[in-house]
Amino acid sequence: MSDTPQDVIIGLEVHIQLANLKTKLFCSCSSDYRSAEPNTHVCPICLGLPGSLPVINKKSIEFATRLALALNCKINPKFWFFRKNYFYVDLPKGYQISQYNKAGGKAFADGGKVTIKINSSKKEILLNRIHLEEDPARLVHKGSIRTSPYTLVDYNRSGITLIETVTEPVLSSPAEAREFLNQLKLIVQYTGISDLSLEGTLRVDANISIKGHPRAEVKNITSFKEVESALIYEITRQKHEIKKGKEIMQETRHWDGRVTIPLRTKEFEKDYRYFPEQDLVPIVIKKEFIDEIKDYLPEMPNERVLRLQKQYMLSEFDAENLILDKYIADFYENGVNKDPTFGPDEYKLYCNWLMNNIVGWLNENNKKIDETKLKPSHIIDLISNIKKGNITTKIAKTLIGDMMKGNSISKMIKDKGKKRISEETIIEEYSREVIDENPRIIEDCRKNPKAIEALIGRVMGKTKGQADPKITRKIMIILLRNMRIID
Ligand code: ZN
Ligand code: MN
């Protein structure tokens, strides 16, 4: 079934936990709950006990302002929180404190946009709004949600600050949705309001419909890849239903990793009986407050791409790759700025080593760069040793693992006693070269196998003594045997 992009309509609601806030949205409980025992970061407010009164966390307003500015939203100067009423075990008060943009209510900020790149053409994804709300408690199931014999509730998550970004229904394919999420994640990373690598920091509700038909909402998807898969599944399902002459139900569905299953027919907004939260004063956001945050707002990813190209003469491709992880881009700039002799060639070399070899190693070993002992100066040292001819590129590549442990190439070269080139494939390549270049010694080997020592010596010479002699001998014997030079 082919998806003509025009007939698929997707809108996303992205909940992001402001994980870099130290405390919850309406109380001073620690929001660092992930390694804590269940129900230890709780107080009467976030447990929803009668008589407790919420107090707004000022820092959460600051963080929301940062995101609103980064997304080019228009911040509302005054708003009330609203109660969104529904009954569920994860919501002890019977309502969630949220924001509402009707009935006199306002979102935190309206509009905004995120630019995405799909097949090298750009598209602006318009946002409807962003708003603040509290996270409900966390439900823990044994095994799958459908077969679990019981549900446990952990209120540590109750009251954590969420910021919800709501797009207009303008996404027209699962791939666009995924790219949008990638960009949003990047912007959040750059604003410093959340570390989205933490489990559960990001949850997506996807609204999806085929033009002219009601929409279904798939709730609580927790990874970008899953969002894409769920959307692909849902498009196919809805098109099938329509083809069979059935009407799509407006309903909420659950993605179980393979299929979407109906949870409940969609609640309508009126079911939530939204009304203003009387326990909190209206929030007023002054222009000076916004201006001050604007002054300190870090550079955003799109700005950085342009600057990196200009400042380090990198290609657009390289610059776009570098900024995909803020820490990698920071590492890059830290590194290249350490050596005043660096010019365009070194900027490019540094970028190549970082993006091809270091990031490759990080991915393979499932680590982040700050979880290793690699320092920006290690790559400078590596480049300079290659330049001086102290080490070949080929050998340097085999030493990346050691470098990640904090060993510099210079130290490894000095450290003569240590065997360093033990990678058999590399020794084999050198051995083959030596065999090709030394037909006379090969002839000697036919008569006297002891002549193999001369060949091993040549390999050691070529590698400046870095090859492991034992492994070299083993490989040389195998090669010569295969050539029927020795028995
Ligand atoms: Zn609390
Ligand atoms: Mn929400």
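If you're wondering where the values come from, they're calculated on a predicted model, not measured in any experiment. Numbering of ligands and ligand atoms starts at 1, following listing order.
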Output yes if [X] passes the N/O/S-under-2.8 Å test against the Mn ion (ligand 2); output no otherwise.
{"X": "His15", "answer": "yes"}
{"X": "Glu133", "answer": "yes"}
{"X": "Glu164", "answer": "yes"}

Name the one of Ile242, Ile208, Ile210 that satisfies side-chain contact (heavy atoms from CB on, under 4.5 Å) with Ile248?
-> Ile242
Between Glu234 and Arg253, does a salt bridge (Lys or Arg N to Asp or Glu O under 4.0 Å) hold up when you go through it step by step?
-> CA-CA 10 Å; Glu234 225 2 63; Arg253 299 178 72 88; 3.5 Å; yes
Hey, mind stepping through Ile283 and Phe81 against side-chain contact (heavy atoms from CB on, under 4.5 Å) and telling me if it holds?
-> CA-CA 8 Å; Ile283 309 290; Phe81 278 96; 3.9 Å; yes
His41 N/O/S atom closer than 2.8 Å to the Zn ion (ligand 1) |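 Under 2.8 Å: His41 has no N, O or S contact with the Zn ion (ligand 1).
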Are Lys185 and Phe224 in a cation-pi contact, defined as NZ or CZ under 6.0 Å from the six-membered ring centre and within 45° of the axis?
->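 Flagged: Lys185 positioned over aromatic ring of Phe224.
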To 10°, measure the SG(Cys29)-the Zn ion (ligand 1)-SG(Cys43) angle for me.
-> 100°
Row for the Zn ion (ligand 1): angle SG (Cys46) to SG (Cys27), 10° precision, value 110°
Can any side-chain N or O of Asn365 pair as donor or acceptor with the backbone N or O of Lys367 at less than 3.5 Å?
-> no
